[in-house]
Amino acid sequence: MPELPEVEVIRAGLAPVVSGRTLTRVRVLHPRPVRYHPAGPQGFAAELAGRTLTEPRRRGKYLWIPFEDGDALLVHLGMSGQFRVDMPDAPLRPNTRVLFDFDDDSRQLRFIDQRMFGGMQLSAGGAELPPQISHIALDPFAPDFDPETVARRLRAKRSTIKRSLLDQTLVSGIGNIYADETLWRCRLHYEQRNASLSQRRAVEVLSTAREVMTASLAQGGTSFDALYVDVDGAAGYFSRNLAVYGRQDQPCDRCGTPIVREPFMNRSSYRCPGCQHRPRRSLVAQ
DNA sequence: CAAAAGTCCTGCTTGC
DNA sequence: TGCAAGCAGGACTTTT
Ligand SMILES: [Zn+2]
């Protein structure tokens, strides 16, 4: 469940399941999701045993489960990672990668990841904020997030707007879906130069991104298929509110023009050609 | 077979 | 010219 609203749904779902419980055994079924853990699969499993978990936290698309001892389990879901909660004797779903057993022998935590772009590692001293993600910017939901400051940084970049919305060191949590939805709401083309935006306009873009993600979170996030479900397997319903993402050839809700899908940054961008015009080659662009 | 909701690494470009 | 930072493109992976 990859972008900010989906990760937040997972975090919230995990909270009552893991808070206050102590790990007894961790089994790594595939080494790749643990590739960033220096001690490898065996070390990872061994170092986690005996830890007591507290309420999960999140920054952007990263989430971490702090331990009572000050360390933490840092997780990124990548493109297809998910956490599921099942009884220990329930059959494993395909692509199950890591199993977490607790001292009460009750509900088992399972990490499932088809493409394995996601990963997890033990973060020493990472309970408050794992040092491994110190380069990740605040997300628009963070209390200290300052749109004016971020807007100024955004406008100082030579890059273009969608690329910057996806830049997790500038503002975190926004992915391909919510970038496209934000740009549609703001009537901006994804290749608009940052420097061409006024401060007011740049702030508006950031506010819009927060609004779209807030609306999505209220619907439980976006789920196109079974890959994107919460810890109990429930899907979110924001896909019915999407204006452009995944709506190729369907009419724009605003002007009726068919939505187009275009390759950009080795992925797809969706936009309305009627209200999101390709920018004129700007002077700053060169 | 093309495409899928992400991040990291590498090499090229830019600006002091 | 030299260096550091900024920027863009490709790699990584499995499944439908
Ligand atoms: Zn339109």
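Throughout, a chain's letter reflects where its sequence line sits, starting with A, and its residues are numbered from 1.
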With sequence neighbours left out, write down each residue that passes salt bridge (Lys or Arg N to Asp or Glu O under 4.0 Å) with Arg278(A), or none if nothing qualifies.
Glu191(A)
Does His76(A) put a side-chain nitrogen or oxygen below 4.0 Å from OP1 or OP2 of dT7(B)?
yes
Indicate whether the side chain of Gln248(A) and that of Arg261(A) have a donor and an acceptor atom separated by less than 3.5 Å.
yes
Would you indicate, yes or no, if dG6(C) has its OP1 or OP2 atom less than 4.0 angstrom from a side-chain nitrogen or oxygen of Ser159(A)?
no
Tell me: CG of Leu227(A) to P of dG6(B), nearest whole Å?
13 Å
Between the protein and nucleotides 1-3 of chain B, which nitrogen or oxygen pairs come in under 3.5 angstrom?
| from | atom 1 | to | atom 2 | distance (Å) |
| --- | --- | --- | --- | --- |
| dA3(B) | OP1 | Arg261(A) | NH2 | 3.3 |

Going by number, which of residues 120-135 of chain A have a non-hydrogen atom under 4.0 Å from DNA chain B?
His135(A)
Distance-only, no hydrogens or angles: does the Arg93(A) side chain make a donor-acceptor pair with backbone N or O of Arg110(A) under 3.5 Å?
no
Donor-acceptor check, side chain of Arg254(A) to backbone of Trp184(A), threshold 3.5 angstrom: yes or no?
yes
Whether Arg51(A) engages the ring of Phe67(A) as a cation-pi pair (distance to the six-membered ring centre under 6.0 angstrom, angle to the ring normal within 45°) should be assessed.
no
Minimum heavy-atom separation for Arg59(A) and Ile136(A), please, with both atom names.
NH1-O, 2.9 Å
Short of 4.0 Å, heavy atom to strand atom, which residues of residues 201-215 of chain A count as contacting DNA chain B?
none
Tell me if a side-chain donor or acceptor on Asp139(A) pairs with a main-chain N or O of Phe141(A) at a distance below 3.5 Å.
yes
For Arg163(A), check side chain to side chain contact (heavy atoms under 4.5 Å, CB included) against everything at least two apart and list the hits.
Ser159(A), Thr160(A), Met265(A)
Give me the ring orientation class for Phe100(A) and Phe83(A): parallel if the planes are under 30° apart, tilted from 30 to 60°, perpendicular past 60°.
tilted
In whole angstroms, the gap separating C1' of dA8(C) from OH of Tyr190(A) amounts to 15 Å
Between the side chains of Tyr190(A) and Glu262(A), does any donor sit under 3.5 Å from an acceptor?
yes
With a 4.0 Å cut-off on heavy atoms, is Phe264(A) in touch with a base, just the backbone sugar-phosphate, or nothing at all?
nothing
Side chains of Asp86(A) and Gln108(A) only: does a donor on one sit below 3.5 Å from an acceptor on the other?
no
Assess whether side chain to side chain contact (heavy atoms under 4.5 Å, CB included) is satisfied between Asp113(A) and Arg32(A), documenting all intermediate values.
CA-CA 10 Å; Asp113(A) 191 1; Arg32(A) 184 164 169 82; over 6 Å; no
Could you please spell out the steps behind the salt bridge (charged side-chain N to carboxylate O under 4.0 Å, His left out) verdict for Arg247(A) and Asp253(A)?
CA-CA 11 Å; Arg247(A) 296 194 64 234; Asp253(A) 295 336; 3.8 Å; yes
Apply side chain to side chain contact (heavy atoms under 4.5 Å, CB included) to residues Leu77(A) and Val7(A) and explain how you reach the verdict.
CA-CA 8 Å; Leu77(A) 301 174; Val7(A) 178; 4.3 Å; yes
What is the per-nucleotide protein-contact pattern of nucleotides 10-16 of chain B, from the 5' end, where B denotes a base atom under 4.0 Å from a protein heavy atom, S denotes such proximity for sugar-phosphate atoms only, and - denotes neither?
----SS-
Between P on dC8(B) and CD on Gln168(A), what's the gap in Å once rounded to a whole number?
9 Å
Nearest whole angstrom, please: distance from the C1' of dT7(B) to the CD1 of Ile174(A).
16 Å
Measure the distance from NZ on Lys162(A) to C1' on dG9(C) and round it to the nearest whole Å.
16 Å
Using Watson-Crick and G-U wobble pairs whose two distances are both under 3.5 Å, how do you write the pairing of DNA chain B as dot-bracket, with | for links to another strand?
.|||.|||||||||||
Partners of Glu55(A) by salt bridge (Lys or Arg N to Asp or Glu O under 4.0 Å), sequence neighbours excluded?
Arg11(A)
Check whether Gln114(A) reaches the backbone of Asn95(A) with its side chain - one donor and one acceptor, N or O, closer than 3.5 Å.
no
Inspect the contact between Arg267(A) and Asp180(A) and indicate whether a charged nitrogen and a carboxylate oxygen are less than 4.0 angstrom apart.
no
Indicate, with a heavy-atom threshold strictly under 4.0 Å, whether Tyr36(A) touches base, sugar-phosphate, or nothing.
sugar-phosphate
Expressed in angstrom and rounded to an integer, what is the separation of Met79(A) atom CE from dA4(B) atom C1'?
5 Å
Sequence neighbours excluded, the answer for side-chain hydrogen bond (donor to acceptor under 3.5 Å, both in side chains) partners of Ser216(A) is Tyr178(A)
Which parts of residues 148-157 of chain A get close to DNA chain B, meaning a heavy atom less than 4.0 angstrom away?
none
Give the rounded distance in Å between these two atoms: CG of Leu170(A) and P of dG6(C).
11 Å
Would you mind telling me which of Arg58(A), Met213(A), Glu3(A), Lys61(A) makes a side chain to side chain contact (heavy atoms under 4.5 Å, CB included) with Glu8(A)?
Arg58(A)
Mind checking Phe224(A) for me? I need base, sugar-phosphate or nothing, with any heavy atom below 4.0 Å counting as a touch.
base
Please encode protein proximity along nucleotides 10-16 of chain C as a string of B, S and -, counting only heavy-atom distances under 4.0 Å.
B-BBBS-
Note: with side-chain heavy atoms under 4.5 Å as the link, the other cluster members for Met116(A) come out as none
Pair Arg115(A)-Ser80(A), side-chain donor/acceptor within less than 3.5 Å:
no
Is it the case that the side chains of Thr22(A) and Thr52(A) hold a donor-acceptor pair, with the cut-off being a distance below 3.5 Å and no angle test?
yes
How many Å lie between CG on Asn194(A) and P on dG6(C), as a whole number?
14 Å
